[in-house]
Amino acid sequence: MKYSIPRGTFDILPNTSYKWTYLMDSFRSFASSFGYREISTPIFEVSGLFERSSGESSDVVQKEMYRFTDRKNREFALRPEGTAPVVRSYVENHLDVLASRTKLFYLGPMFRYDRPQAGRYRQFYQYGIEFIGSDNPYYDAEVIAVLMLWLGSLGLKNLRLELNSVGCPNCSAEYDKALQDYFKPLLPQLCPDCNKRFSLKPRRLLDCKVPSCKALRGGAPLQKDYLDQPCKEHFDQVCGQLTAMQIPFTLNPSIVRGLDYYTNTAFEVIYDGLGAQNSLAGGGRYNGLIEQIGGKSMPAIGFAGGFERLLLALEAEGIELTAEPKPLMYLICLGEQARTGVANYLNALRSKGIYVDYDPDKNSLKAQFKAADASGASYAIIVGESEIAAGTLNLKNLASGEQISLPLDDGTALLGLLGID
RNA sequence: GUGGGUGUAGUUCAAUGGCAGAGCACCGGAUUGUGGUUCCGGGCGUUGUGGGUUCGACUCCCAUCACCCACCCCA
């Protein structure tokens, strides 16, 4: 019986896994220097956590969650996003008592039952940070800065940061009403999806892609005209902070985050040229979420980004962050006696962190040299019967062809020569 | 969930209803003690799967599965 991988998932094979490792390490160290510390939560949680936080009506909850019950009929879901679990952990472990400001980052797989597409998978990997504990607009800018500066540090150029404020529960309700007033007479001309959006999430009317719908929203009321005074001030200050940090952004009034918990600042990083799924990362403020999940009221802001799309973007710009690891040396043996005599030496080098390639099934000198070249090794170590007898080895520089003789010791002679200790 | 496209060797692709092939990769060899180039040799693969039409199907039809792309949604 042959098995195949579940739809919408992928294996990270050795020929690309090193890129993933590099990116993850890079994110870890970048976030760390801004004071964020790693948190890891389970891959599944009680379903109610996501229903309450993301919103019962959100697509993620309605049709994209992988749900299951365990033997005692408890209802769980594979996590579709990272913020709710982090906040759950924050509340459950009383991190708010330990410090008034909490800076967290996370990495890991998320799960959504979507139709797979370019840049969209059913199991996908996200990186993200969450800042909890202050409504200071500086932190909005800091969170965005971590994201933009990190992406910039990888060498990406064609990025666009789009910014909006979705207001607080008070003023956003008023805005929704204004939108409905505007669109109500236009309903017969709008697409069926927009007709659903009208009552469910009026804001979604603003980012429909149907041309006829696009044409009708020219005179729609703008969010910024409906922000109340505190929300407006907050947003202005966020913009000011970003400008001071020299992080370019564009205002986009139609940015609507898909999950219900967002308040005030909402942003998205767009990378054109990835196909339809052009959102590299997104996030925003969620001042009401912590209380909603059972903690005490705490302002917070965060973002999440997708590794798959990031890798696509890097590839699109031809950016090679790191090369596939290659062996430093290739061990060539002639004869059984040499193989036996060199086994311990091979282990000694490898134990000291030297990547040495070796294949005991290849016999001819020619085949072993071919393998050494193919492996990309810089040096060949050549040992035959006469070397064993003399207690020496030959070290050959594969690029220059230069060859010298060294003692077959515990590796110190070789490592010393190469300046590795 | 809806629509369009595509499934042939490890891979990239040929084969117009009439014998399933090539490049690359891989393995072996050209006096098992000095490589990369070159040369020679090495492929019966359920043509994604299951049905159907036909004397005959990789080719046409139906179904199904998978992948790609788009809608939707979002990372």
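Each chain gets a letter, A, B and so on, in the order its sequence line appears, and its residues count up from 1. Bear in mind that the values here come from a model prediction, so they are computed numbers and not experimental data.
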Rounded to whole Å, CZ of A:Phe50 lies from C1' of B:rA75 at a distance of 15 Å

To the nearest angstrom, the CD-P distance between A:Gln403 and B:rG35 comes to 11 Å

From the candidates B:rC73, B:rG29, B:rA75, the one with an atom nearest any side-chain atom of A:Gln277 is B:rC73

No-H, no-angle donor-acceptor pair, A:Ser386 side chain to B:rG33 base, under 3.5 Å: yes

Has A:Gln368 got a side-chain N or O lying under 4.0 Å from the OP1 or OP2 atom of B:rU34?
no

When rounded to the nearest Å, what value does the distance between C1' atoms of B:rU12 and B:rG52 take? 33 Å

Picking from B:rA75, B:rU34, B:rG33, the nucleotide nearest the side-chain atoms of A:Phe369 would be B:rU34

Of the candidates B:rA75, B:rU32, B:rG35, the side chain of A:Leu365 sits closest to B:rU32

Against the side chain of A:Lys362, the closest entry in B:rG28, B:rU38, B:rU32 is B:rG28

Atom CD of A:Gln337 and atom C1' of B:rG33 are separated, to the nearest Å, by 15 Å

When the P atoms of B:rC69 and B:rG36 are considered, how many whole Å apart are they? 41 Å

Practice prompt. Provide the distance between the two C1' atoms, one in B:rG21 and one in B:rC44, to the nearest whole Å.
Written response: 14 Å

Checking B:rG35, B:rU34, B:rC71 against the side chain of A:Asn394 (C-beta onward), the nearest is B:rU34

When rounded to whole Å, the CG to C1' distance for the pair A:Leu398 and B:rG36 reads 9 Å

Which of B:rG33, B:rG28, B:rC71 is nearest the side chain of A:Arg115? It is B:rC71

Taking only side-chain nitrogens and oxygens of A:Gln126, does any of them come within less than 4.0 Å of OP1 or OP2 of B:rA75? no

Looking only at B:rU38, B:rG33, B:rA75, the nucleotide nearest the A:Lys370 side chain is B:rU38

A:Pro116 has its side chain closest, among B:rA75, B:rC68, B:rA30, to B:rC68

Q: Verify the ring-centre separation between A:Tyr175 and A:Tyr226: is it less than 6.0 angstrom?
A: yes

A:Ile255 CD1 to B:rA75 C1', in whole Å, measures 14 Å

Quiz question: going by heavy-atom distance under 3.5 Å, is there a donor-acceptor pair between the base of B:rC69 and the side chain of A:Arg120? no

Taken to the nearest whole Å, CD1/A:Ile404 to P/B:rU34 is 19 Å

Separation of B:rA75 atom P from A:Ile270 atom CD1, nearest Å, is 11 Å

Hey, can you tell me if A:Phe27 and A:Trp150 have their rings parallel, tilted or perpendicular (30° and 60° cut-offs)? perpendicular

Salt bridge between A:Asp373 and A:Lys370, side-chain N to carboxylate O under 4.0 Å?
no

Checking N1-N3 plus N6-O4 or O6-N4 for Watson-Crick, or N1-O2 and O6-N3 for wobble, each under 3.5 Å, the partner of B:rG33 is none

Taken to the nearest whole Å, NZ/A:Lys366 to P/B:rC39 is 13 Å

_Side-chain ion pair, A:Asp357 and A:Lys326, N-O less than 4.0 Å_ = no

Ring centres under 6.0 Å, that's the criterion: do A:Phe30 and A:Phe34 meet it? yes

### Query
Hey, are A:Gln277 and A:Arg309 close enough side-chain-wise for a donor-acceptor pair under 3.5 Å?
yes

- Could you tell me whether the side chain of A:Gln117 has a donor or acceptor atom within less than 3.5 Å of a complementary atom in the base of B:rC72? yes

Per atom distances to the A:Asp59 side chain, the nearest of B:rA75, B:rC72, B:rG35 is B:rC72

When A:Leu334 and A:Glu308 are each assigned the nearest nucleotide of RNA chain B, the 5'-most assignment goes to A:Leu334

